[in-house]
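Take a look at the structure below.
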Amino acid sequence: MSVDSATVRRIAHLSRIAIEDSEVERLRGELNAILAFVETLSEVDVDGVEPLTSALPMQMKKRADVVTDGGIADEILANAPLREDHYFVVPKVIE
Amino acid sequence: MSDPTHLSLAEARDALKSKQLSAVELAQAHIDAISKSRALNCFITETPEFALAQAQESDARIARGDARPLEGLPLGIKDLYCSKGVRTTAGSRILDDFTPTYESTVSANLLRDGAATLGKLNLDEFAMGSSNETSAFGPVVSPWRRAADPDAKIVPGGSSGGSSSAVAARLCLGATATDTGGSIRQPAAFTGTVGIKPTYGRCSRWGIVAFASSLDQAGPITRTVRDAAIMLRSMAGHDPKDTTSVDAPVPDYEAAVGASVKGRRIGVPKEYRIDGMSAEIAALWDRGAAWLKDAGAEIVEISLPHTRYALPTYYIIAPAEASSNLARYDGVRYGCREQGRDVSEMYEKTRAAGFGPEVRRRIMIGTYVLSAGYYDAYYVRAQKVRSLIKRDFDEAFASGVDAVLTPATPSTAFAQGEKGSADPVEMYLNDVFTVTVNMAGLPGVAVPGGLAANGLPLGLQLIGKAFDEETLFSLAAAIERAAPKIELPQPWWREG
């Protein structure tokens, strides 16, 4: 499988990464080189094989559903590029 | 005492304990070395005052007989680990002047045990790279040079290139690193140092900037096997804040260094003898097997049939996980922000300006393989092949093999700009021998095996059973004893 320029633009948008028109061709070439490299997996017989989702068999640990942390709004906001009181500020979302 | 930066971590520990040396003297010697070695570009942020304050406390503790396991030992921290109150960059512009209000669990463990941290070490951006050339803070230079071509700037490997270069250049006694596809072992092999990626779950990932969460593990890079064992013991351990960290006691790894390897069965996987393997790498591998045989181990050929699919599998799974993990860099909660007409344009401009080309490429590949219509063909298929890669190792270990011996890398280090500029896949091939280990979640260690004809170091890799790092330390120490002693480079790079 390989991608065309329209797909490159679509992936960039899904990735929320702005790209210039002048970059599309180069990116298409690079992405296709990687896709060609991974293409070899199509020759592996994976019938009846379970997908591996955890590197080692382990039970998901559970803990009591209680508050263990909190009250640190100042710390959470300390690195925000734009903030007002205890709010992150972003451009208007709703017209 | 002569230059204390030439001590191993274990020797420095013993010198401090016997008061031949003070922790402040030891820290100051490293701070001086760092200040004269900026040409290597190992550190993104230096924290000399912090290291000296810690060293003063260490001297006080040593004086009252209250020394901790790493008391007063100066270490470097890969700048992927969050450091409380110290700028943490992940080698990226997008984090801007992000200053964590918390400390990663692994670095907190090192501080708990008395280490003095000298600063934050350079790395490939978000740990994505094999040469440290993708860092937004410029490439790291290795202290090693080619005999015939001393002007070429040699890469220290990646992504933990600041860690490997700083340890080889004696700017710290040891350094933290992380490994997603080979990022501890490949830089260690390139710089004549020792690097161990422990079993997935052995070290907490909490507070380490995430790349591919099912593959990432923390580990040390040091100058000797014993030093790696000492550091790993402090780094490892259960952490309730990382659900994948394992609740099992941490063994005394140092006790395994020097243990007999008599009767151990070592598998040599025939599939690692890849097409076009250089005669020099093949000979290194044979020598490694011979050293272990001389030490009493038994060498057997094994088969890991899905080896050739590991790298393609990695280049689906790792970007997929990265595209998800890196979605958090949106210019809202931390890091840089580019203005946009609306929130969507702000995200897109911020991420275009903040991420470098390799990171953008991997996010896009990951987004593609997870997108509707391609998820099963790429991502689920890759997860199935990952099962087969892991099964290969399970079967080899079930057949009675205690560990697996391979070369660490397909070549020695190369010079800046020599690889991957035209085709990203060329750079990816560096990890051909290391990436299988991350796929299977197993521990792997790189240990020096001598020098190549071009004067650069070569490394061997040992792969162990899950949570059997002790066997790896014993075997790696046997190789270390048998291999020709590597003389680290003289400090040609120093200023002043």
Side-chain angles (χ1 to χ4, degrees), chain A residues 1 3 7-8 10-20 23 26-27 29-31 33-58 60-63 68 72 74-83 88-93 95, chain B residues 96 98-99 101 199-201 214-215 240 243-244 246-247 306 308-309 312-313 315-316 323 330-337 340-349 351-352 355 360-361 363-365 367-368 371 377-378 380-388 390 423-425 428 440-441 466:
Chain A
M1 273 183 269
V3 295
T7 309
V8 170
R10 189 174 62 85
I11 303 169
H13 179 63
L14 283 174
S15 306
R16 295 295 181 272
I17 295 174
I19 54 172
E20 304 284 338
E23 290 177 280
R26 183 179 50 78
L27 279 168
E30 289 171 356
L31 297 183
I34 298 169
L35 291 173
F37 178 61
V38 303
E39 191 60 41
T40 164
L41 295 188
S42 61
E43 71 194 45
V44 185
D45 180 3
V46 293
D47 272 1
V49 178
E50 284 295 311
L52 190 150
T53 50
S54 172
L56 294 167
M58 47 174 79
M60 178 66 86
K61 285 179 279 227
K62 298 178 185 74
R63 64 167 178 84
T68 58
I72 52 167
D74 286 338
E75 284 185 38
I76 289 168
L77 284 141
N79 285 287
L82 206 59
R83 59 179 180 269
F88 296 106
V89 177
V90 296
K92 199 160 118 182
V93 178
E95 290 303 322
Chain B
D96 200 14
F98 173 64
T99 305
T101 53
T199 312
Y200 185 81
S214 80
L215 302 163
T243 54
T244 63
V246 170
D247 193 358
H306 295 89
R308 59 185 292 245
Y309 300 113
T313 303
Y315 276 97
I316 292 175
S323 72
D330 57 6
V332 174
R333 286 155 298 167
Y334 31 68
C336 69
R337 173 188 290 194
R341 279 167 309 192
D342 52 24
V343 77
S344 188
E345 193 182 86
M346 181 202 82
Y347 293 155
E348 294 194 355
K349 285 185 161 178
R351 290 162 63 80
F355 291 134
R360 292 202 297 264
R361 195 151 55 218
I363 290 174
M364 288 179 66
I365 281 286
T367 302
Y368 181 65
S371 65
Y378 284 112
V380 175
R381 173 169 282 267
Q383 284 184 309
K384 288 179 178 174
V385 179
R386 188 175 176 188
S387 284
L388 295 172
K390 180 168 157 46
D423 176 4
V425 173
Y428 298 171

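Values below: every heavy atom of this structure, side chains too, minus hydrogens, waters and symmetry copies. Lettering follows sequence order; numbering is per chain, from 1. On a predicted model such as this, the values are computed, not experimentally measured, just so you know.
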request  = Give, for atom CG of A/L56 and atom OG1 of B/T199, the distance between the pair rounded to the nearest 0.5 Å.
outcome  = 7.0 Å
inquiry  = Heavy-atom pairs under 4.5 Å with chain B - which of A/L35, A/T53, A/V8, A/L14 has more of them than the others?
reply    = A/L35
query = If you count heavy-atom pairs under 4.5 Å between each of B/Y334, B/Y200, B/Y309 and chain A, which one has the most?
reply = B/Y309
Main-chain N/O of A/L52 paired with B/R386 side-chain donor or acceptor, under 3.5 Å = no
query = Shortest non-hydrogen contact from B/A352 to A/A18?
reply = CB-O, 3.3 Å
ask   = Any idea which of A/V46, A/V49, A/L41 has the most non-hydrogen atom pairs under 4.5 angstrom with chain B?
value = A/L41
query = So, the side chain of B/T367 versus the backbone of A/I11: is there a donor-acceptor pair under 3.5 Å, distance only?
reply = no
task = For the pair B/R351 (side chain) and A/S15 (backbone), establish whether a donor and an acceptor sit closer than 3.5 Å, ignoring hydrogens and angles.
result = yes
ask   = Is there side-chain contact between A/I19 and B/R360, with at least one heavy-atom pair below 4.5 Å?
value = no
Region of A/E20 in contact with chain B, defined by heavy-atom distances below 4.5 Å = neither
key: Residue among B/K349, B/M346, B/K390 with most heavy-atom pairs under 4.5 Å to chain A   = B/K390
message = Please rank A/I76, A/L31, A/T68 by heavy-atom pairs under 4.5 Å with chain B and give me the top one.
response = A/L31
Under 4.5 Å from any heavy atom of chain A - which part of B/A466 = side chain
note = Nearest heavy-atom contact between B/G331 and A/P81 is O-CG, 3.2 Å
Under 4.5 Å from any heavy atom of chain A - which part of B/A382 = both
request  = Assess whether side-chain contact (heavy atoms from CB on, under 4.5 Å) is satisfied between A/I34 and B/R361, documenting all intermediate values.
outcome  = CA-CA 10 Å; A/I34 298 169; B/R361 195 151 55 218; 4.0 Å; yes
query = Nearest heavy-atom pair of A/P51 and B/S387: which atoms, and what distance?
reply = C-OG, 3.6 Å
remark   = Max heavy-atom pairs within cutoff under 4.5 Å with chain A, candidates B/F98, B/Y315, B/Y347, B/Y428, goes to B/F98
query = If you tally heavy-atom pairs under 4.5 Å against chain B, which of A/R83, A/E39, A/E23, A/E50 wins?
reply = A/E50
ask   = Which heavy atom of A/A55 sits nearest a heavy atom of B/G441, and at what distance?
value = CB-CA, 3.9 Å
inquiry  = Within the structure provided, determine whether A/V90 and B/R337 are in side-chain contact (heavy-atom separation under 4.5 Å).
reply    = yes
ask   = Quick one: what part of A/F37 sits under 4.5 Å from any heavy atom of chain B, side chain, backbone, both or neither?
value = both
query = NZ of A/K62 to OG1 of B/T243: how many Å apart, nearest 0.5 Å?
reply = 11.0 Å
task = Against chain B, label A/A33 side chain, backbone, both or neither, depending on which of its atoms sit under 4.5 Å from a heavy atom there.
result = both
task = Name the option with the most non-hydrogen atom pairs under 4.5 Å to chain A; the candidates are B/D423, B/T313, B/V380.
result = B/T313
Heavy-atom pair count under 4.5 Å with chain A, highest-scoring of B/V343, B/V246, B/D247 = B/V343
inquiry  = Only pairs of heavy atoms separated by less than 4.5 Å count here; which of A/T7, A/V44, A/L77 has the most with chain B?
reply    = A/V44
ask   = Is it the side chain or the backbone of A/R63 that comes within 4.5 Å of chain B heavy atoms, both, or neither?
value = neither
key: Interface moiety of B/T99 toward chain A, non-hydrogen atoms closer than 4.5 Å   = both
